[in-house]
Participant: 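Once you've had a glance at the structure underneath, I'll fire off some questions.
Count residues from 1 along the sequence. Since the structure is predicted, the reported quantities are computational estimates derived from the model, not experimental observations.
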Amino acid sequence: MQLRDETYKYPVEKQELIYHGQVFDFQSDQVRLHKDEPVVRRDYLSHPGAVAIAAVRPVQGADESSKELADWEILLLRQYRHPVRAFLWEIPAGLLDKPGEDRLSAARRELWEEANLQAANWKVLVDFFTSPGGSSEHLRIFLARGISPVSGQPFDRREEERDMCLAWFPLDQARDALLSGSLHNPSALAAVLASIESLRNGWRSLRSPSAPFIADPLLLER
């Protein structure tokens, strides 16, 4: 069998909006999985989707062609996350909550808003569903290189983002932190591990920013 996820739409006989939130909705579907069995109820978080950015750069004095982990560092942001009551180290990320905005444009915007940075080179690093058993959230992580500061007035950050701090960490240090149980954000974990593996193969695994994503139909349904 081919090792590849595939989309499939079982008949939804009834759909109900349980709760409409500021950002997310909670939805209930009556789904028929088998013709000879009763429909099943599936309640889940209806999510607009998100993007995240693994911004990497060679450490000072290192060559861009180096494949050594210690020669590369990744940008991490420390932000408070109320549902888990913790400050987490994360990569820049944000919702696909602006009508008509594609994923790459959203990623460029988030890198500027959260870190006041821009990148000359953008590729797709990894795609995933964050919690497919209970949420429709889909996340594309871009690898951004050629990092430089954005001139002009920084974005006016508020609420949890107001006290957010950022730092660059060597990839091997970030790897050791996640393996020791010191990092817990899923996009950061995926970004660190995927960046390390992609670096080792000379970035050959990276995909075009417009590469198809299994979640594309969900984006069209927003």
Participant: Do the charged groups of E101 and R109 touch, with an N to O distance under 4.0 Å?
Facilitator: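 Here E101 pairs with R109 in a salt bridge, since their nearest N and O are under 4.0 Å apart.
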Participant: Working to the nearest 0.5 angstrom, can you tell me the gap between K67 NZ and S198 OG?
Facilitator: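 Rounded to the nearest 0.5 Å, the NZ-OG separation comes to 10.5 Å.
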Participant: Could you go step by step and tell me if E114 and M164 meet the side-chain contact (heavy atoms from CB on, under 4.5 Å) rule?
Facilitator: CA-CA 8 Å; E114 296 197 345; M164 190 166 57; 3.9 Å; yes
Participant: Do L88 and Y80 have side-chain heavy atoms sitting under 4.5 Å apart?
Facilitator: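 Not in contact.
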Participant: Between CG of L125 and CD1 of I53, what distance do you get to the nearest 0.5 Å?
Facilitator: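 It is 11.5 Å, given to the nearest 0.5 Å.
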Participant: Under a 4.0 Å threshold between the charged nitrogen and the carboxylate oxygen, would R103 count as salt-bridged to D127?
Facilitator: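 Judged by the 4.0 Å cut-off on N to carboxylate O distance, D127 and R103 do not form a salt bridge.
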Participant: Are the charged groups of R81 and E90 less than 4.0 angstrom apart, N to O?
Facilitator: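 Answer for the salt bridge query: yes.
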Participant: What distance do S46 atom OG and Q15 atom CD have between them, rounded to the nearest 0.5 Å?
Facilitator: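 Interatomic distance, S46 OG to Q15 CD, rounded to 0.5 Å: 8.0 Å.
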Participant: My understanding is that only one of L206, V124, V126 makes a side chain to side chain contact (heavy atoms under 4.5 Å, CB included) with F142; could you say which?
Facilitator: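 Considering L206, V124, V126, a side chain to side chain contact (heavy atoms under 4.5 Å, CB included) with F142 is found only for V124.
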Participant: Tell me yes or no: between the side chains of R42 and S28, is some donor less than 3.5 Å from an acceptor?
Facilitator: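 The criterion, which ignores hydrogens and geometry beyond distance, is not satisfied for S28 and R42.
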Participant: Which value, rounded to the nearest 0.5 Å, describes the distance between Q118 atom CD and S148 atom OG?
Facilitator: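 The OG atom of S148 is 3.5 Å from CD of Q118, to the nearest 0.5 Å.
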Participant: Side chains of R140 and F213, heavy atoms from C-beta outward: is any pair under 4.5 Å?
Facilitator: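 With C-beta onward as the side chain, the pair touches.
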Participant: So with a 6.0 Å cut-off around CG of D43, is the heavy-atom count from everything else above 12?
Facilitator: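 Result for CG/D43: enclosed.
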Participant: Using 0.5 Å steps for rounding, measure from the CZ atom of R204 to the CG atom of L199.
Facilitator: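 Reported to 0.5 Å precision, the distance equals 11.0 Å.
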Participant: Looking at Y10 versus Y8, is the centre-to-centre ring distance below 6.0 Å?
Facilitator: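 Y10 vs Y8: aromatic centres under 6.0 Å.
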Participant: Using every non-hydrogen atom in the two residues, find where I141 and A190 come nearest and quote the distance to one decimal.
Facilitator: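 That would be CD1-CB, 4.0 Å.
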Participant: Strictly under 6.0 Å, is that where the ring centroids of W168 and W89 end up?
Facilitator: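 W168 vs W89: aromatic centres not under 6.0 Å.
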Participant: So which atom in I74 and which in A174 form the shortest heavy-atom distance, rounded to 0.1 Å?
Facilitator: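 Scanning both residues completely, I find the closest heavy atoms to be CG2-CB, 4.3 Å.
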Participant: Hey, does R41 have a side-chain heavy atom less than 4.5 Å from the side chain of D29?
Facilitator: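 In short, these two side chains do not touch, never coming nearer than 4.5 Å.
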Participant: Measure from NZ or CZ of R145 to the centre of the six-membered ring of W72, then state whether that distance is under 6.0 Å and the direction lies within 45° of the axis.
Facilitator: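 The answer is no; the distance or angle limit is not met.
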Participant: Please tell me whether D71 and S66 have a donor and an acceptor in their side chains that are separated by less than 3.5 angstrom.
Facilitator: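 D71 vs S66: donor-acceptor pair found between side chains.
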Participant: Measure the spacing between NE2 of H138 and CZ of F128 and express it to the nearest 0.5 Å.
Facilitator: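 The distance works out to 12.0 Å.
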Participant: Do you know which two heavy atoms are closest between T130 and L139, and how far apart they sit?
Facilitator: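 So the two residues come closest at CG2-CB, 4.3 Å.
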Participant: Quick check: are there more than 12 heavy atoms from other residues, nucleotides or ligands sitting under 6.0 Å from CD of E68?
Facilitator: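 No, CD of E68 has 12 or fewer neighbouring heavy atoms, counting only those of other groups under 6.0 Å.
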